[in-house]
Engineer: 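After the structure tokens below, expect a handful of questions from me.
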Amino acid sequence: MSNKIGRFEILSESTHSEIGFVYKATDEVSGQTVALKTIKLDLLGEQAAALVSSVQEEVATSKVLNSHNIAVLYGAEEIEGQLCASMEYVQGNSIATMMARKEGFSVWDLMDIARQSCQGLDHARGHKVVHHSIEPAKIMVQWDGIVKLLSFGVSTMGSLAVNATGNAPEVLHYMSPEQLRGDPLDARSNLFSLGAILYEMVTERKAFDGDEADQVRQSISEMTPPPPDQINRKAHPVLSQVIMKALAKDPEERYQSGQDMVNDLERCKESPVKAAAKPAAPAAPKAAAPQKYTAAGNTPIAKTEVPAAKAVASPRVAAAAAGAGTSSRTQKTSPSGAGELSADAVVKAVTTRAESPKMSAATAPPTLEPPQADTSHGSVDPMMDESRTTNDKAGRSFSEINELPPMKEIYVAPAPPPASEEAPPAVDAVKATVFNNATPEKVKVQPREVARKAVGEIKKTPPKLFFYSIAGAVGIILIIVVGIAFHIHSENSDDDPGPAQS
């Protein structure tokens, strides 16, 4: 292969097909790096003249395009028996490359790619320009995240796939039904192609698959693919609805503009349940009316009487529910502000529960026995039962307000306890474990003594070690500087092939 085609110096080959190539090249006249797309006209036979004429017409109509989401077309001409089109060279990855890696796309990636693609298509729609061969390889994502549509102005180069026979060309899978019929095209045909691309990005399978060209054409014209959320259960329902609307056979049933499509995609930001507007399940009948409590958490504000016919819940279930509610309430500090417990109160509560055969309702699982309360008012939390006697100290919990200490503990000097009433060793151990927050006193060292010791240690260090350390640091810095310079030089002279473009 010659390294030059006319005034274009070929740097590398990006991709190729049966009838053409895409190169990374340098235009010697302008000095720009371009993507050069070529088609060998001698392989087209009688179709060559018609293709050249249609491409020249499209180039003339596409000169008005000026969007950051559309790659710039510099020109198209016949050189050395080849139809050559020079376009903006885009550095990044195409959607085809991303799908081949099977890395997957998040809903935010899909929305951003679709939004920017729709902006480019709407810009072309405003100038009555239509793309004839949109496919994943012609949607590029730059390193900075900007999406660019390729081949605007020379897209008719790929329109020959409409009449392909044998193996189906890649671009054929994304053509609209009206394009296969030979009808006049408008922007809605491009939205159909974009919908087919989004379908494949979500499901990792083509919307209209087939090995033979005839199979693909029949699938596009007659078959409707299953919704994406039936194939990929993680797909957002709104995204699935948008894609299926874009794939409608009748152009009148599709989106009439890219902005309409983007507006519907915005609903993907809502939760899947809310966006899908699914009817809520009927609520189950309540066995007992809920009770409200005061801020202290232990006195009912009002008790709603429930007819006996509706109170069908088992006493065990009601007791479990009441116990669970109590557990969640007792973990919070009292609203009155008594947030700090005195040592005696906590030790008393700990030792009382250690001696009691039953666990407190604040920490134990809910009892399965029905509460001894007035059953005519429904189930009552065992901790809220007013019929309990105040002498039952073993079953009381931290949620009972009269067991909490005052907001501010008043210190009173304790009297010397008699020898017979000394606290048991277990209580002393608990106090020492729970309330011994004092940090051990640090040994005070004079700063001068510390400095003197440090200077002495430094003086003991051999002088050679200092020189070795400094020399090593200088050597490392020199290595880093040389590496950076070499890296910059290699980047400037690197002719690594760019991403595939067509």
Engineer: CD1 of I197 to OH of Y174: how many Å apart, nearest 0.5 Å?
Structural biologist: 6.5 Å

Engineer: Taking C-beta and beyond as the side chain, do L36 and C84 meet within less than 4.5 Å on heavy atoms?
Structural biologist: yes

Engineer: I'd like to know whether Q218 forms a side-chain hydrogen bond (donor to acceptor under 3.5 Å, both in side chains) with D214, so could you lay out the CA-CA distance, the side-chain angles of the two residues, the decisive distance to 0.1 Å, and finally the verdict.
Structural biologist: CA-CA 6 Å; Q218 182 181 4; D214 291 338; over 6 Å; no

Engineer: Look at the aromatic rings of H123 and H127 and report parallel, tilted or perpendicular, splitting at 30° and 60°.
Structural biologist: perpendicular

Engineer: With a 4.5 Å limit on heavy-atom distance, are the side chains of L265 and L110 in contact?
Structural biologist: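 No, their side chains stay 4.5 Å or more apart.
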
Engineer: When you check the gap from the basic side-chain N to the acidic O, do R188 and E178 get nearer than 4.0 Å?
Structural biologist: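 No.
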
Engineer: Quick one: does Q82's side chain get under 4.5 Å of I39's, heavy atoms only?
Structural biologist: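 They are not in side-chain contact.
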
Engineer: Any donor-acceptor pair under 3.5 Å linking the side-chain atoms of D109 with those of S106?
Structural biologist: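 Yes, side-chain donor-acceptor contact under 3.5 Å.
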
Engineer: Is the shortest side-chain heavy-atom distance between K269 and M111 below 4.5 Å?
Structural biologist: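 In contact.
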
Engineer: Quick one: does S151's side chain get under 4.5 Å of H132's, heavy atoms only?
Structural biologist: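 When only atoms from C-beta onward are counted, H132 and S151 do not touch, as no gap falls below 4.5 Å.
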
Engineer: Is there side-chain contact between H173 and E200, with heavy atoms separated by less than 4.5 Å?
Structural biologist: no

Engineer: With side chain to side chain contact (heavy atoms under 4.5 Å, CB included) as the criterion, how do D27 and Y74 come out once you've worked through the C-alpha distance, each side chain's angles and the decisive distance to 0.1 Å?
Structural biologist: CA-CA 10 Å; D27 187 344; Y74 299 128; over 6 Å; no

Engineer: Within this structure, what is the CD-OG1 distance for the pair E212 and T165, rounded to the nearest 0.5 Å?
Structural biologist: 9.0 Å

Engineer: Work out which heavy atom in G6 is nearest to a heavy atom in E80; give both atom names and the distance.
Structural biologist: N-OE2, 3.4 Å

Engineer: Any chance you could measure M140, atom CE, to I146, atom CD1, to the nearest 0.5 Å?
Structural biologist: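 One finds 12.5 Å between CE of M140 and CD1 of I146.
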
Engineer: Please say whether more than 12 non-hydrogen atoms of neighbouring residues, nucleotides or ligands are located less than 6.0 Å from NZ in K206.
Structural biologist: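 Atom NZ in K206 is crowded, with more than 12 foreign heavy atoms closer than 6.0 Å.
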
Engineer: Check the pair L121 / I134 against side chain to side chain contact (heavy atoms under 4.5 Å, CB included), numbers first and verdict last.
Structural biologist: CA-CA 11 Å; L121 293 176; I134 291 181; 3.8 Å; yes

Engineer: Looking at L247 and A207, what are the two nearest heavy atoms and their distance?
Structural biologist: CD1-CB, 4.2 Å

Engineer: Taking atom CG of D211 as the centre, report whether more than 12 heavy atoms of other residues, nucleotides or ligands fall under 6.0 Å from it.
Structural biologist: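 For D211, atom CG is not crowded (no more than 12 foreign heavy atoms under 6.0 Å).
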
Engineer: I want to check something: taking the side chain as every heavy atom from C-beta on, are D122 and R125 in contact at a cut-off of under 4.5 Å?
Structural biologist: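 A side-chain contact under 4.5 Å exists here.
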
Engineer: Can you see whether D112 engages Q116 through a side-chain donor-acceptor pair at a distance of less than 3.5 angstrom?
Structural biologist: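 There is such a pair between these side chains.
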
Engineer: Decide yes or no on side chain to side chain contact (heavy atoms under 4.5 Å, CB included) for S219 and D209, but give the supporting numbers first.
Structural biologist: CA-CA 7 Å; S219 178; D209 206 355; over 6 Å; no

Engineer: Mind checking the OH-CG spacing from Y199 to L194? Nearest 0.5 Å is all I need.
Structural biologist: 15.0 Å

Engineer: Do Q119 and S67 pair up side chain to side chain, a donor and an acceptor below 3.5 Å, judged on atom types alone?
Structural biologist: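 The criterion, which ignores hydrogens and geometry beyond distance, is not satisfied for S67 and Q119.
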
Engineer: What closest approach, in Å, do K4 and E9 show between heavy atoms, and which atom pair accounts for it?
Structural biologist: CG-CA, 4.2 Å

Engineer: Tell me whether R7 at atom CZ has more than 12 heavy atoms from other residues, nucleotides or ligands lying less than 6.0 Å away.
Structural biologist: yes

Engineer: As an exercise, state the distance from CG of D264 to OH of Y255, rounded to the nearest 0.5 Å.
Structural biologist: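 Here the interatomic distance stands at 3.5 Å.
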
Engineer: Begin from the C-alpha positions of L150 and M87 and carry the test side chain to side chain contact (heavy atoms under 4.5 Å, CB included) through to its verdict.
Structural biologist: CA-CA 8 Å; L150 307 182; M87 299 170 288; 5.5 Å; no

Engineer: Enter the distance from S176:OG to D186:CG here, rounded to the nearest 0.5 Å.
Structural biologist: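 Spacing of OG (S176) from CG (D186) equals 8.5 Å.
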
Engineer: Go through the structure and list residues passing ring-ring contact (aromatic ring centres under 6.0 Å, His included) with F208, not counting sequence neighbours.
Structural biologist: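 Expected list: F192.
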
Engineer: Could you check if a side-chain atom of L180 sits within less than 4.5 angstrom of a side-chain atom of L172, using non-hydrogen atoms only?
Structural biologist: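 Counting from C-beta outward, L180 and L172 do come under 4.5 Å.
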
